[in-house]
J.: 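Have a look at this one.
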Amino acid sequence: MLTLFPEMFPGPLGVSLAGRALASGLWALEARDIRDSATDRHRSVDDSPAGGGPGMVLRADVLAAAIDAADSGPDRPRLLMSPRGRPLTQSQVVELAAGPGPLIVCGRFEGVDQRVIAARGLEEVSIGDYVLSGGEIAAMALIDACVRLLPGVMGKPGSSTEESFSDGLLEYPQYTRPQEFEGQPIPEILISGDHAKVTAWRLAEAEALTRARRPDLWAAKNRDQKPPKNTTKG
Ligand code: SAH
């Protein structure tokens with residue numbers, strides 16, 4: 001993790017599920033200060049954008065030195081949190097969680113000098129189509145999503161395979177006690193004890209919800225699952 005604000009970490013990642021897993025060594029986090037790689041008297045890390053315009057840009061030389069000092073090894077993904085990046089998906093989260101753990105660069109100001117992105121092979125990752133003031137909160141979102149998938153972090157392994165996005169669907173609605181809330185009972189099937197019916201009901205609910213709320217996911221799921229029309233031999 002490379003940031004100008006290492007004191008932001010572990011922050012919210014230090015409590016609850018992720019925090020307990022951090023304390024017990026199931027994952028680790030090293031937040032390094034990009035400013036430690038500054039070379040001038042004022043320890044400056046940013047400068048005004050070439051070509052003019054508002055704000056400041058993180059310098060290529062300082063950030064490259066910070067990346068090199070972090071010495072992340074050739075196999076570790078190098079990510080740059082960026083609104084221009086590929087939108088983060090659950091399948092990328094699963095991939096990252098199974099790997100050696102990424103080096104994550106958190107941008108600030110107007111972003112980072114383009115040359116360091118190319119020179120250090122940074123893969124830009126976005127957490128959504130909106131602009132944050134820095135990459136730290138985006139990085140926390142990514143790390144949180146990965147950590148909860150690590151073996152031993154969540155109670156039951158099943159809870160991560162049945163949830164939203166794992167099969168291209170949003171999750172079905174959940175209920176718990178009390179049996180009746182402000183006149184609304186829990187759907188009868190869920191207390192019937194008939195597991196096959198419960199499963200069928202949940203799938204139908206998940207499909208209806210996905211179709212209504214996320215036509216993009218629904219279309220992608222149907223596209224992916226349709227068998228090819230012509231199977232050519234040879
Ligand atoms: N001027 C840039 C935005 C810079 S925001 C632009 O228009 O693209 C400052 C930093 O916040 C970025 O360098 C990035 O690290 C982080 N950031 C902002 N929005 C983000 C998002 N949606 N996903 C991931 N990182 C984001």
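Model, not experiment: these values are computed from the prediction. Counting starts at 1 for both ligands and their atoms, in listed order.
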J.: So which protein heavy atom does atom 25 (N) of ligand 1 come closest to, and at what separation?
T.: Ser82 N, 3.2 Å
J.: Can any side-chain N or O of Ser48 pair as donor or acceptor with the backbone N or O of Met56 at less than 3.5 Å?
T.: no
J.: Could you tell me, atom by atom, which parts of ligand 1 come under 4.0 Å of a heavy atom of Ser126?
T.: 22 (N), 23 (N), 24 (C)
J.: Do any N/O atoms on Cys106 end up under 3.5 angstrom from N/O atoms on ligand 1?
T.: no
J.: Is there at least one pair of N or O atoms, one from Val125 and one from ligand 1, spaced under 3.5 Å apart?
T.: no
J.: In terms of atom number and element, which parts of ligand 1 are under 4.0 angstrom from non-hydrogen atoms of Gly111?
T.: 13 (O)
J.: Would you mind running through ligand 1 and noting each atom that sits below 4.0 Å from a heavy atom of Gly135?
T.: 11 (O), 15 (O), 16 (C)
J.: Side chain of Arg78, backbone of Arg120: donor and acceptor closer than 3.5 Å?
T.: yes
J.: Looking at Phe109, which atoms of ligand 1 are within less than 4.0 Å of one of its heavy atoms?
T.: 4 (C), 5 (S), 9 (C)
J.: Would a distance-only check, ignoring hydrogens and angles, find a side-chain to backbone donor-acceptor pair under 3.5 Å from Lys221 to Thr210?
T.: no
J.: Would a search of protein heavy atoms around atom 23 (N) of ligand 1 find one under 4.0 Å away?
T.: yes
J.: Give a yes/no verdict on whether any heavy atom in Ser133 is under 4.0 Å from an atom of ligand 1.
T.: yes
J.: Say whether, by atom type as modelled, one donor and one acceptor occur between the side chain of Arg76 and the main chain of Pro102 under 3.5 angstrom.
T.: yes
J.: Between Arg214 and Asp216, is there a salt bridge with N-O shorter than 4.0 Å?
T.: yes
J.: Using 4.0 Å as the upper bound for N to carboxylate O, is an ion pair formed by Glu163 and Arg148?
T.: yes
J.: Checking the side chain of Asn222 only, and the main-chain atoms of Trp218 only, is there a donor and an acceptor separated by less than 3.5 Å?
T.: yes
J.: Counting only heavy atoms, which portion of Pro83 has something under 4.0 Å from ligand 1: side chain, backbone, both, or neither?
T.: both
J.: Without swapping roles, check the side chain of Ser44 against the backbone of Asp46 for a donor-acceptor pair under 3.5 Å.
T.: no
J.: Test of understanding: clusters of I, L, V, M, F, W, Y form through side-chain heavy atoms closer than 4.5 Å, transitively. Do Leu203 and Val198 belong to the same one?
T.: no
J.: I need the nearest protein heavy-atom contact for atom 13 (O) of ligand 1: residue, atom name and distance, please.
T.: Gly107 CA, 3.4 Å
J.: Does any N or O atom in Ala138 lie less than 3.5 angstrom from one in ligand 1, N or O only?
T.: no
J.: Should you measure from each heavy atom of Val131, which atoms of ligand 1 turn up under 4.0 Å away?
T.: 3 (C), 5 (S), 19 (N)
J.: Using a 3.5 Å cut-off on N or O atoms only, is Leu132 in polar contact with ligand 1?
T.: yes
J.: Under 3.5 Å, is there a donor on one side chain and an acceptor on the other for Glu171 and Ser164?
T.: no
J.: Among Glu110, Arg84, Met81, whose heavy atom sits nearest atom 1 (N) of ligand 1?
T.: Glu110
